[in-house]
Participant: 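Okay, here's the structure, questions in a sec.
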There are 2 protein chains.
Amino acid sequence: MRSEMINETETPAVAGQKDNRYSACLLFSANALARAITAIGDEEFGRIGLSYSYAYLLCEVVDQPGVTPSKLSETLFLTPSTITRLVEKLELKQLVRRESEGKKTLIYPTEAGEALRPAIAEAWGRVGARYSSAIGPDDVCQLTQQVFKAARSLDDLD
Amino acid sequence: MRSEMINETETPAVAGQKDNRYSACLLFSANALARAITAIGDEEFGRIGLSYSYAYLLCEVVDQPGVTPSKLSETLFLTPSTITRLVEKLELKQLVRRESEGKKTLIYPTEAGEALRPAIAEAWGRVGARYSSAIGPDDVCQLTQQVFKAARSLDDLD
DNA sequence: ATTTGTTGCTTGCACATACAAATATTGTTG
DNA sequence: CAACAATATTTGTATGTGCAAGCAACAAAT
């Protein structure tokens with residue numbers, strides 16, 4: 001996300017303050033945060049040729065070989081259709097393979113997939129380091145907990 | 001970043017507990033929250049035929065006729081290209097119109113656009129009410145502030 | 001055992017967003 | 001002034017995600 005451009009006429013009170021009426025809106029703020037932090041994630045995970053959802057999904061598959069899409073959907077807070085898409089692409093990249101068993105689908109890592117696991121952990125760490133230093137390591141922990149708790153509350157609604 | 005692995009396998013102590021190792025990851029949690037809350041937003045704003053980004057953009061245009069894409073980009077934390085796309089669609093719906101002035105583009109609301117303004121405010125309120133009641137009205141305010149602050153910190157990086 | 005419903009996964013389609021490159025205007029400097 | 005750099009916007013293209021509908025396998029009930 002870019003867009004500096006300062007000047008702006010009637011800036012009130014504090015300089016550098018980019019608060020606006022949307023800052024009080026969680027719908028707005030949560031999306032802004034997600035976009036900003038995903039940019040970091042994509043940068044770091046991109047170095048291993050994945051974006052963060054793929055990386056996390058691959059983690060799950062490596063750590064729980066034979067995991068099903070529905071389990072992944074629950075763990076990753078993504079819809080089943082999204083999981084299908086992610087798995088498809090990981091399969092194309094030869095990082096996982098699917099096995100049909102009845103109406104279930106079991107997902108297993110390939111060797112290449114397993115080999116990527118440490119790199120994912122590293123990238124994961126780098127992402128954490130970057131946003132921690134930007135946001136402030138003290139706040140980050142509590143913020144994360146609260147954000148997750150809120151996400152879960154909303155998700156449990158339906 | 002701490003990766004606390006929580007129990008695995010079958011449901012742990014508390015029922016409804018969906019914590020996992022990603023709950024400690026802000027990249028993950030922020031996206032989960034954004035998706036969950038956007039679902040609410042789309043539902044409410046959908047009733048007036050917009051999704052939330054369009055609605056907020058239209059607000060800005062109604063409240064600051066002649067606003068430029070770059071200003072909108074700054075206010076809405078979206079890239080200029082995204083603003084162009086949003087404005088295009090609002091123009092198709094006859095809710096705004098564009099005027100070229102040199103290298104700038106000035107965006108004005110149409111009457112239909114202005115007429116929608118109160119409905120947007122209402123939908124906005126309903127969204128707030130819904131997530132407040134889900135998350136807990138006490139937490140929501142502080143959470144929103146922190147989330148916005150974090151988003152701004154990350155955005156100010158580059 | 002056939003029907004009916006339920007569960008698990010996949011597909012078709014749509015949408016929000018971004019990046020990189022293209023275009024057009026404005027500013028600057030030799 | 002001409003050439004070049006900077007700024008503002010748009011366009012081509014790609015990606016992540018979801019909804020609704022489809023399909024396949026299983027379960028339940030008559």
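Every chain is numbered from 1 and lettered A, B, ... according to where its sequence line falls, protein lines coming before strand lines. These numbers come from a predicted model, not from an experiment. Every heavy atom of this structure was used, including side-chain atoms; hydrogens, water molecules and symmetry mates were not.
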Participant: Could you give the CG-to-C1' distance, from B:L86 to D:dT9, as a whole number of Å?
Facilitator: 14 Å
Participant: I'd like to know if B:R117 pairs up with B:D63 as an ion pair, taking the criterion as any Lys NZ or Arg NE/NH1/NH2 lying under 4.0 Å from an Asp or Glu carboxylate oxygen.
Facilitator: yes
Participant: Considering only NZ, NE, NH1 and NH2 on the basic side and carboxylate oxygens on the acidic side, decide whether B:K149 and A:D139 come within less than 4.0 Å.
Facilitator: yes
Participant: Let me know the distance between CD1 of B:I107 and P of D:dT9, rounded to the nearest Å.
Facilitator: 8 Å
Participant: Given C:dA18, D:dT17, D:dG16, which nucleotide is nearest the side-chain atoms of B:R85?
Facilitator: C:dA18
Participant: How many Å lie between CG on A:L57 and P on D:dT15, as a whole number?
Facilitator: 17 Å
Participant: Any carboxylate oxygen within less than 4.0 angstrom of a Lys/Arg side-chain nitrogen, looking at B:E91 and B:K93?
Facilitator: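 No, this pair does not count.
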Participant: Taking only side-chain nitrogens and oxygens of B:S51, does any of them come within less than 4.0 Å of OP1 or OP2 of C:dA16?
Facilitator: yes
Participant: Are the ring centres of A:W124 and B:Y22 closer than 6.0 Å?
Facilitator: yes
Participant: Would you mind telling me which residue lines up with the more 5' stretch of DNA chain D, A:E101 or A:L50, judged by nearest nucleotide?
Facilitator: A:L50
Participant: For D:dG18, does either OP1 or OP2 sit under 4.0 Å from a side-chain N or O belonging to A:T82?
Facilitator: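 Yes, within the criterion.
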Participant: Can a side chain N or O of B:Y52 be found less than 4.0 Å away from OP1 or OP2 on C:dT17?
Facilitator: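 Checking C:dT17 against B:Y52, a side-chain N or O does come within under 4.0 Å of OP1 or OP2.
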Participant: Report all interatomic pairs (protein N or O, nucleotide N or O of nucleotides 7-9 of chain C) with separations under 3.5 Å.
Facilitator:
from, atom 1, to, atom 2, distance (Å)
C:dC9, OP1, A:T105, N, 3.4
C:dC9, OP2, A:S70, N, 2.8
C:dC9, OP2, A:S70, OG, 2.4
C:dC9, O3', A:T105, OG1, 3.0

Participant: Separation of A:Y56 atom OH from D:dG16 atom P, in whole Å?
Facilitator: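 After rounding, the gap between these two atoms is 14 Å.
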Participant: Measuring to OP1 and OP2 of C:dC15, would you say a side-chain N or O of B:Y54 lies under 4.0 angstrom away?
Facilitator: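 For B:Y54, the contact criterion (side-chain N or O under 4.0 Å from OP1 or OP2 of C:dC15) is not met.
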Participant: I need the CG-P distance between A:L92 and C:dT10, as an integer number of Å.
Facilitator: 14 Å
Participant: Quick check on the 6.0 Å ring-centre criterion: do B:F77 and B:Y56 meet it?
Facilitator: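 No, the ring of B:F77 stays outside the 6.0 Å limit from the ring of B:Y56, centre to centre.
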Participant: Report which part of the nucleic acid B:I83 touches: base, sugar-phosphate, or nothing (heavy-atom distance under 4.0 Å, all strands).
Facilitator: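 Contact class for B:I83: none.
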Participant: Once you round it to whole Å, what is the distance between P of C:dC15 and CD of B:E43?
Facilitator: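 After rounding, the gap between these two atoms is 18 Å.
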Participant: D:dT9 P sits how many Å from B:E99 CD, rounded?
Facilitator: 14 Å
Participant: Using a 4.0 Å heavy-atom cut-off across all strands, classify A:T38 as base, sugar-phosphate, or nothing.
Facilitator: nothing
Participant: Nearest whole Å is fine: how far is D:dG18 P from A:L72 CG?
Facilitator: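 Interatomic distance, CG of A:L72 to P of D:dG18: 14 Å.
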Participant: Between A:N31 and A:E88, which is nearer to the 5' end of DNA chain C once each is assigned its nearest nucleotide?
Facilitator: A:E88
Participant: Charged N to carboxylate O under 4.0 angstrom, A:R130 versus A:E43?
Facilitator: yes
Participant: Could you check which of D:dT17, C:dT11, C:dT17 has an atom nearest any side-chain atom of B:R35?
Facilitator: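 Among D:dT17, C:dT11, C:dT17, the one nearest the side chain of B:R35 is D:dT17.
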Participant: Could you verify whether a donor N or O on one side chain and an acceptor N or O on the other, from B:Y108 and B:Q64, lie under 3.5 Å apart?
Facilitator: no
Participant: Between the side chains of A:E60 and B:R21, is the shortest nitrogen-to-carboxylate-oxygen separation below 4.0 Å, so that they form an ion pair?
Facilitator: yes
Participant: Could you tell me whether the phosphate oxygens of D:dT11, OP1 or OP2, come under 4.0 Å of any side-chain nitrogen or oxygen in B:S81?
Facilitator: no
